[in-house]
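Residue numbers begin at 1 in each chain, while the letters A, B, ... track the order of the sequences.
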Number of protein chains: 2
Amino acid sequence: MTTAPTGEPRWLSDEEQSVWRAYLHATTLMEDHLDRQLQRDAGMPHIYYGLLVQLSQAPRRRKRMTELAKDAKITRSRLSHAVARLEKSGWVRREDCPSDKRGQNAVLTDDGYEMLRRSAPGHVDAVRQAMFDRLTPEQVRSLGEIMQVVAAGLQPEGTDADLPWLR
Amino acid sequence: MTTAPTGEPRWLSDEEQSVWRAYLHATTLMEDHLDRQLQRDAGMPHIYYGLLVQLSQAPRRRKRMTELAKDAKITRSRLSHAVARLEKSGWVRREDCPSDKRGQNAVLTDDGYEMLRRSAPGHVDAVRQAMFDRLTPEQVRSLGEIMQVVAAGLQPEGTDADLPWLR
DNA sequence: GACCTTTTCTTGAAAGTTGAACTAGATAGA
DNA sequence: TCTATCTAGTTCAACTTTCAAGAAAAGGTC
């Protein structure tokens, strides 16, 4: 899905420009906010924390590397580096996949789980303060719908696998 | 404004969790999408493009480093590196500030302006396809309000300077 | 089995980011 | 003036991300 600039560009309206600026502004500040909070309280960036959360919710607290990368929306390369770092910190360890000798499982360690348990309340609090405590229930509902639409539109092709009628 | 974890954590409701996941998912995909689009069509990451846009809209197409950093919501350090890179590419040049010998202006070059003019349509198109073409006018309006609220809540302290009654 | 393609994951180098330390110039007070 | 403090911007080292390249195993197909 390339962005072929056709004949005449359709510029954004004044309102759209303003909304777009607000979107960029808010998402930038939010990401900075959470990165700083987690760096301070858990010693890692937001994305790494997200990896641990994914693992904590997986059966037996482990996941194949590729699956973890897909769920966290990062490349396998990036995940390799990230897991190496988390392994050094002791929150995660690697384990050979029994059924596929190419495969690796990332496993959340007990220390990792404990760290997560300790820092979760502070993180939820940060998310709440930054977003949910400021929005009306109606706005929360609306935001959910909007984000669903946007995410669906940007879903990488691979996800077409979930749409059998396209195959 | 630290996030002191008080006695009992107030967890997110099911709906809030789902909205939060959708938010993270959508914003991650959006940022990836725009980074890729601009890397391909303009040879730079999204944030660098944003710096050039800021400069193009400033009087005489120039801005003090600190002001540019503040407007783009990045640190002065990051801006130093970014401008060094953009200078090497020829899109920006530095210029001593006449009134303050410590100061530097970042100036958008003619080449930089031309590059912006060429790549703007494709970029607007990407934004449109990813967001505005998928939302109803009502949703666009709502998104704008929500992002305003969130951004306002995360505004760094410095911006209190704009609120005289707090001084 | 031999051959080719695909999938899984890692590696290394280049590019980008961060936070702290640092230089130079501005500012304010005694 | 002299001094202390603050501000503007850069630089360094440590860390993270990206992209291209590569090793190893799996899955066809003949």
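Between A/Asp35 and A/Asp100, the residue anchored nearer the 5' end of DNA chain C, judged by the nucleotide with its closest heavy atom, is A/Asp100. Comparing A/Gly43 and A/Ser99 by the nucleotide of DNA chain D that holds the closest heavy atom to each, the one mapping nearer the 5' end is A/Gly43. Along DNA chain C, the nucleotide nearest to B/Lys101 and the one nearest to B/Gln39 differ in position, and the one closer to the 5' end is contacted by B/Gln39.
B/Leu24 and A/Met44 fall into different hydrophobic clusters, where Ile, Leu, Val, Met, Phe, Trp and Tyr side chains are chained together by heavy-atom contacts under 4.5 Å. At a threshold of 4.5 Å between side-chain heavy atoms, the hydrophobic network of Ile, Leu, Val, Met, Phe, Trp and Tyr places B/Leu154 and B/Ile74 in two separate groups.
Taking every heavy atom of residues 62-69 of chain A and every atom of DNA chain C, pairs under 4.0 Å involve A/Arg64, A/Met65, A/Thr66, by number. Of the residues in residues 72-98 of chain A, those placing a heavy atom less than 4.0 Å from an atom of DNA chain C are A/Arg76, A/Ser77, A/Ser80, A/His81, A/Arg94, in numerical order. Near-neighbour residues of DNA chain D inside residues 46-58 of chain B, defined by a heavy atom below 4.0 Å, are absent.
Remark: the backbone N or O of A/Gly90 is paired with a side-chain donor or acceptor of A/Thr109 at under 3.5 angstrom.
A heavy-atom distance below 4.5 Å is found between the side chains of B/Arg64 and B/Cys97.
With sequence neighbours left out, the salt bridge (Lys or Arg N to Asp or Glu O under 4.0 Å) criterion links A/Arg94 to A/Glu87. Not counting sequence neighbours, the partners of A/Glu95 by the salt bridge (Lys or Arg N to Asp or Glu O under 4.0 Å) test are A/Arg62, A/Arg93. Residues forming a side chain to side chain donor-acceptor pair (under 3.5 Å) with A/Ser142 (at least two apart in sequence, or on another chain): B/Ser142. In this structure, A/Phe132 has no ring-ring contact (aromatic ring centres under 6.0 Å, His included) partners at least two apart in sequence or on a different chain. Applying the salt bridge (Lys or Arg N to Asp or Glu O under 4.0 Å) rule to A/Arg61 yields no partners; only residues at least two apart in sequence or on another chain are considered. Remark: A/Val124 pairs with B/Trp11, B/Leu12 by the side chain to side chain contact (heavy atoms under 4.5 Å, CB included) rule, at least two apart or across chains.
Note that CG of A/Leu34 and CE of A/Met131 are 9.0 Å apart. Values are rounded to the nearest 0.5 Å.
A salt bridge does not link B/Arg118 to B/Asp41: none of the charged side-chain nitrogens sits closer than 4.0 Å to a carboxylate oxygen. The pair B/Lys70-B/Glu67 does not count as a salt bridge, with every side-chain nitrogen at least 4.0 angstrom from each carboxylate oxygen.
The only member of A/Leu55, A/Asp111, A/Val107 that meets side-chain contact (heavy atoms from CB on, under 4.5 Å) when paired with A/Val92 is A/Leu55.
Applying the ring pair (Phe, Tyr, Trp, His ring centres under 6.0 Å) test to pairs two or more places apart or on separate chains, those with a residue in residues 45-96 of chain B are B/His46-B/His123, B/Tyr49-B/His123.
Counting 5' to 3', DNA chain C first comes under 4.0 angstrom of a heavy atom of chain B and last does so at the ends given by C/dG16 to C/dA26. Chain B approaches DNA chain D within less than 4.0 angstrom (heavy atoms of the protein), and the contacting nucleotides run 5' to 3' from D/dT7 to D/dC12.
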